[in-house]
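One structure is given here, and the rest of the page talks about it.
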Amino acid sequence: MIQILTSKKRYLPHQKIIHLANLTNSYSPRLYSNNLETPRLKTFKHPSSYASILQSLRDLKPLQQLHSRIIVSGLANNIFLCNRLVNSYACCGALGVAECIFRRIPSKNVVSWTIMVSGFTRNGLYNEGVEVFREMIMNGFLPNEVTATSVLPVFAKLGLVQFGRLIHSFLIRLGFEINVFVGTSLVDMYMKCGLVSVAEQVFDAMPEKNVFSWNAMISGYSDNGLGEEGIVQFKRMQRNGIVADLVTMMSLTASCSRIEWRQLGRMIRSFIIRSGFDNCLLVKTALLEMYVKLKCIEDAYRVFNEEMPVKDVVTWTLMLSGFSDAGFGNKAMDIFDQMIKIDEISLDSVALLGMISSCSKSGAMQQGRRVHAFTIKVGFGDDIFVGSAIIDMYSNCGNLDSAKLYFEGLKERDVVCWNSMIAGLGMNGYSDDAVGLFFLMKRSGIEPNESTYISILCACTHAGMVNPGLLIFNQLIKERNIEPKLQHYSCIVDLLGRAGRLDEAYSIVNNMPLKPDAGVYGALLGACSIHRNIELGLKISQKLFELNPDDAGYYVLLSNMYAVSGDWEGVKKTRVSLRSKGLKKDPGISSIEIDGTIFTFMAGDKNHIQYPEICNFLMNLIAKIECEGYVPDLNSVFQDLTDDAERDVLYHHSEKLAIAFGLLRTKPGTTIRVMKNLRICNDCHNASKFISTSFERKLIIKDGNRFHIFQNGICSCKDYW
DNA sequence: ATAGGGTTAG
């Protein structure tokens with residue numbers, strides 16, 4: 001309590017009483033009311049006495065009491081007090097009351113309008129804030145410096161760049177742009193709108209700059225992906241003798257995580273220690289985030305575990321998503337379980353979202369179901385952000401029924417919920433339904449966004465629905481409010497390419513208005529590989545090697561293409577150039593969830609505890625399906641080995657290990673769900689068909705972004721090689 | 001006035 005009191009700057013004697021009363025209210029109502037009945041407080045006749053008390057009030061109840069006392073004192077029409085009251089109610093979040101008082105002020109001044117604008121904007125009601133601002137202008141009031149600083153950030157939030165520029169020109173005419181506050185707000189607004197060079201112009205023209213202004217620049221650069229510029233600006237700031245504060249530290253670590261510059265990260269860390277910010281929770285959390293983003297998960301965990309005695313919900317959430325990003329789903333779940341046991345940590349939707357998306361990524365359906373139940377228990381059952389994540393989680397686990405059920409039960413749905421459901425239907429093979437839902441969404445008055453088009457085009461691709469896909473793509477091009485992006489072109493090239501219409505796909509690549517990137521060429525190369533068009537494939541891989549020389553995936557595709565056409569010389573050449581560049585093919589990883597724990601397998605991963613047991617089982621399994629007609633496809637092996645060795649590699653692919661483990665550890669008849677990071681190989685695909693018959697199991701294998709559902713020897717995926 | 005964790009798509 002002492003700390004809270006001393007942290008406030010100025011205290012008049014009567015303010016102290018009110019403040020103490022607030023703090024003791026919860027456990028000592030008698031003291032509270034006694035203090036309020038102090039005769040000294042009752043006899044105020046001058047507005048200024050109330051005004052100073054109003055400024056320090058942050059809770060609704062004492063505010064209401066003071067308000068009544070103001071009415072009793074006959075000061076309810078004093079504009080000075082009314083403005084203060086509006087402000088105090090807005091600070092307590094009671095915007096209805098605030099607006100009511102505001103509306104009744106007969107002769108509002110600029111301060112009244114400004115307080116109402118910032119009352120809305122500080123509570124996240126941006127549209128209402130802008131509306132009051134507009135009303136103010138219409139009523140002939142000109143904004144002052146404070147109005148400008150309350151309303152400018154809102155233009156950035158709502159993306160009203162043009163409006164912002166208009167107000168900017170107003171401010172110049174009024175001579176306010178030389179004000180540090182106004183200048184900083186303008187810099188921030190332009191940075192948030194992505195107009196970096198305009199922000200730079202404003203900043204350079206500012207006659208006075210303080211640490212806020214510099215911070216706005218540094219964090220702005222970082223947000224716009226220009227971390228290096230941020231570091232340069234920081235050095236300039238130091239040369240100008242401006243002392244860095246905690247916001248500077250946080251913006252610096254953010255810049256660092258974006259440019260993936262580990263060496264600099266270390267320097268910033270020592271700078272933080274030297275500047276005495278090492279014990280600051282916010283700065284420490286920013287440092288943790290830096291390690292998470294730099295994918296230094298051990299460093300991140302060391303900071304989290306050893307150097308942060310005080311943690312809040314953000315710290316925990318960061319560690320959770322750090323583990324999730326690094327592919328440690330079980331560890332993320334451990335963190336979540338620990339976090340929910342701590343009373344002081346109040347769980348919010350962001351923490352829940354992190355955990356749900358972690359389950360989604362690792363395909364942990366049992367964990368996901370548990371977290372889903374938990375979200376309902378803690379009152380986030382109707383949250384649409386959480387809802388979208390849950391739909392995605394169930395879809396990603398191949399449990400479309402649960403996803404649909406959840407989607408249909410939502411009271412409110414935004415565009416992201418619809419997108420999740422459309423994507424879920426698409427990747428699970430219900431492309432017709434996805435298209436149907438897309439049109440239903442438009443009929444329901446929800447405007448599709450960029451992601452909607454990506455989801456729906458992918459859905460069409462999975463089912464080879466070329467014509468509906470083309471139709472929707474043409475709609476997108478005609479639509480005025482969405483600019484087709486490179487990703488959309490990748491989708492349409494993928495759609496045409498996979499369907500075998502390579503010429504049309506190539507023609508789109510050659511005629512598109514944007515410069516094709518690796519994603520677009522990659523889609524085309526994938527199509528060439530499926531349809532064995534080696535001539536075009538060679539041409540495209542040349543482009544890709546120029547664009548993205550370090551991606552081993554393209555070499556693999558090219559090599560596969562040579563292999564299927566029997567060009568062993570080409571296969572060898574590709575492998576040599578891959579090796580000479582020091583590149584390695586991404587390891588294939590498959591995982592399976594058993595009783596709420598995720599088990600991960602890598603090809604030939606002999607370190608696994610149960611490896612001998614699994615291998616033994618797998619050998620018997622292969623012998624069994626060979627009797628039923630399975631023939632190993634040695635073309636699926638990327639290495640140059642003897643037949644026997646190739647066979648050995650093939651039999652220990654990660655997906656086969658995961659399937660074997662699933663068969664060993666689950667009851668007969670249970671569906672086996674396997675997640676794979678890369679595309680399933682032809683041989684594993686074929687073997688899975690045999691396994692589904694031989695063991696009478698349903699196998700659901702997700703590779704990359706699509707499902708393969710094997711049942712009675714048939715796979716749901718029709719266009720597979 | 002500037003600042004920390006999250007959802008769909010690839």
Side-chain angles (χ1 to χ4, degrees), chain A residues 118 145-146 148-153 179-189 191-192 209-220 222-223 245-254 257 280-290 292-293 311-322 324 339 348-358 360 383-393 395-396 414-424 426-427 448-459 461 485-488 490-491 494 517-520 522-523 704-705:
Chain A
S118 71
E145 291 97 325
V146 185
T149 46
S150 338
V151 81
L152 285 173
N179 178 295
V180 205
F181 284 70
V182 174
T184 304
S185 301
L186 282 168
V187 166
D188 185 50
M189 179 190 75
M191 278 298 195
K192 294 226 163 81
K209 301 179 182 88
N210 59 20
V211 66
F212 288 81
S213 331
W214 289 94
N215 287 346
M217 281 302 278
I218 297 171
S219 65
S222 159
D223 287 345
D245 68 358
L246 96 163
V247 178
T248 322
M249 301 291 163
M250 292 165 78
S251 310
L252 279 179
T253 54
S257 4
C280 170
L281 174 66
L282 286 180
V283 175
K284 255 297 157 55
T285 308
L287 194 70
L288 173 64
E289 186 188 11
M290 183 181 81
V292 165
K293 295 255 166 78
K311 303 179 181 76
D312 67 2
V313 64
V314 177
T315 324
W316 283 92
T317 307
L318 259 171
M319 196 64 243
L320 191 161
S321 38
S324 168
M339 170 165 60
D348 59 12
S349 63
V350 181
L352 288 167
L353 276 169
M355 193 59 237
I356 298 163
S357 76
S358 173
S360 173
D383 187 294
I384 49 172
F385 275 54
V386 171
S388 310
I390 289 178
I391 294 165
D392 168 65
M393 184 269 295
S395 306
N396 234 351
D414 70 348
V415 63
V416 183
C417 298
W418 286 89
N419 289 355
S420 292
M421 195 65 245
I422 289 169
M427 69 180 143
N449 64 13
E450 289 170 13
S451 304
T452 319
Y453 280 99
I454 289 171
S455 304
I456 194 67
L457 289 173
C458 286
T461 304
K485 296 265 162 63
L486 281 166
Q487 289 177 335
H488 297 115
S490 305
C491 287
D494 197 27
D517 67 346
V520 176
N705 64 347

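Labels below follow one simple rule: chain letters A, B, ... track the order of the sequence lines, proteins then strands, and each chain is numbered from 1. Treat the numbers as computed from the prediction; the structure is a model and nothing was measured.
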(message) Of the listed nucleotides (dA9(B), dG6(B), dT8(B)), which one gets closest to any side-chain atom of Val416(A)?
(response) dT8(B)

(message) Considering every strand and a 4.0 Å limit on heavy-atom distances, what is the contact class for Cys458(A): base, sugar-phosphate, or nothing?
(response) sugar-phosphate

(request) Record whether the side chain of Asp348(A) comes under 3.5 Å of the base of dG6(B) through a donor-acceptor pair of N or O atoms. (result) no

(message) Over all strands shown, is Leu318(A) touching base, sugar-phosphate only, or nothing at heavy-atom distances under 4.0 angstrom?
(response) sugar-phosphate

(request) Taking only the side-chain heavy atoms of Ser321(A) (C-beta and beyond), determine which of dG5(B), dT2(B), dA9(B) contains the nearest atom. (result) dG5(B)

(request) State, yes or no, whether a side-chain contact exists between Val415(A) and Ser451(A) at a heavy-atom distance under 4.5 Å. (result) no

(request) Look at all strands and tell whether Ala423(A) reaches a base, only sugar-phosphate, or nothing, counting heavy atoms closer than 4.0 Å. (result) sugar-phosphate

(request) Ignoring hydrogens and angles, answer whether the base of dA1(B) and the side-chain atoms of Asn210(A) contain a donor-acceptor pair closer than 3.5 Å. (result) yes

(message) If I take atom CG in residue Asn215(A) and atom P in nucleotide dA3(B), what distance separates them, rounded to the nearest angstrom?
(response) 9 Å

(message) Starting the side chain at C-beta, find the nucleotide from dG4(B), dA9(B), dA3(B) nearest to Asp188(A).
(response) dA3(B)

(request) Send over the distance from Asp414(A) CG to dG6(B) P, rounded to a whole Å. (result) 18 Å

(request) Rounded off to whole Å, could you give me the CE-to-C1' distance for the Met339(A) and dG6(B) pair? (result) 12 Å

(request) Using a 4.0 Å heavy-atom cut-off across all strands, classify Val313(A) as base, sugar-phosphate, or nothing. (result) base

(message) dA3(B), OP1 or OP2 - any side-chain N/O from Lys284(A) closer than 4.0 Å?
(response) no

(request) State which of dG4(B), dA9(B), dA1(B) makes the closest approach to the side chain of Gln487(A). (result) dA9(B)

(message) Measuring from atom CG of Leu457(A) to atom OG1 of Thr452(A), what distance do you get when rounded to the nearest 0.5 angstrom?
(response) 10.5 Å

(request) Could you check how far CG of Asp383(A) sits from C1' of dG6(B), rounded to whole Å? (result) 10 Å

(message) Distance check needed: dG6(B) C1' versus Leu352(A) CG, whole Å only.
(response) 10 Å

(message) How many whole angstroms separate atom CG of Leu353(A) from atom P of dT8(B)?
(response) 9 Å

(request) Check the distance between dG4(B)'s C1' and Asp245(A)'s CG and give it to me in whole angstrom. (result) 14 Å

(message) Rounded to whole Å, how long is the line connecting atom CG of Leu288(A) with atom P of dA3(B)?
(response) 20 Å

(request) Verify the distance criterion only: is there a donor paired with an acceptor across the side chains of Ser395(A) and Asp392(A) at less than 3.5 Å? (result) no

(request) Give Lys192(A) one of three labels, base, sugar-phosphate or nothing, depending on what nucleic acid heavy atoms sit under 4.0 Å from its own. (result) sugar-phosphate

(message) Let me confirm one number: the CG-CG distance from Asp348(A) to Leu353(A), rounded to the nearest 0.5 Å.
(response) 9.0 Å

(request) Indicate whether Phe385(A) forms a stack on dG6(B); treat it as stacked only if centroid distance is below 5.5 angstrom and interplanar angle below 30 degrees. (result) yes

(message) Under 4.0 Å, counting only non-hydrogen atoms across every strand here, what does Thr285(A) touch: a base, just sugar-phosphate, or nothing?
(response) base

(request) Would you state whether a donor and an acceptor, one from the side chain of Asp312(A) and one from the base of dG5(B), lie under 3.5 Å apart? (result) no

(request) Flag the pair Thr253(A) / Glu289(A) as yes when at least one side-chain heavy-atom distance between them is below 4.5 Å, and no otherwise. (result) no

(request) Measure from the side-chain heavy atoms of Lys293(A) and tell me the nearest of dA1(B), dG5(B), dA9(B). (result) dG5(B)

(message) Within the structure provided, determine whether Val180(A) and Lys209(A) are in side-chain contact (heavy-atom separation under 4.5 Å).
(response) no

(message) Of the options dT8(B), dG4(B), dA3(B), whose atoms approach the side-chain atoms of Ser420(A) most closely?
(response) dT8(B)

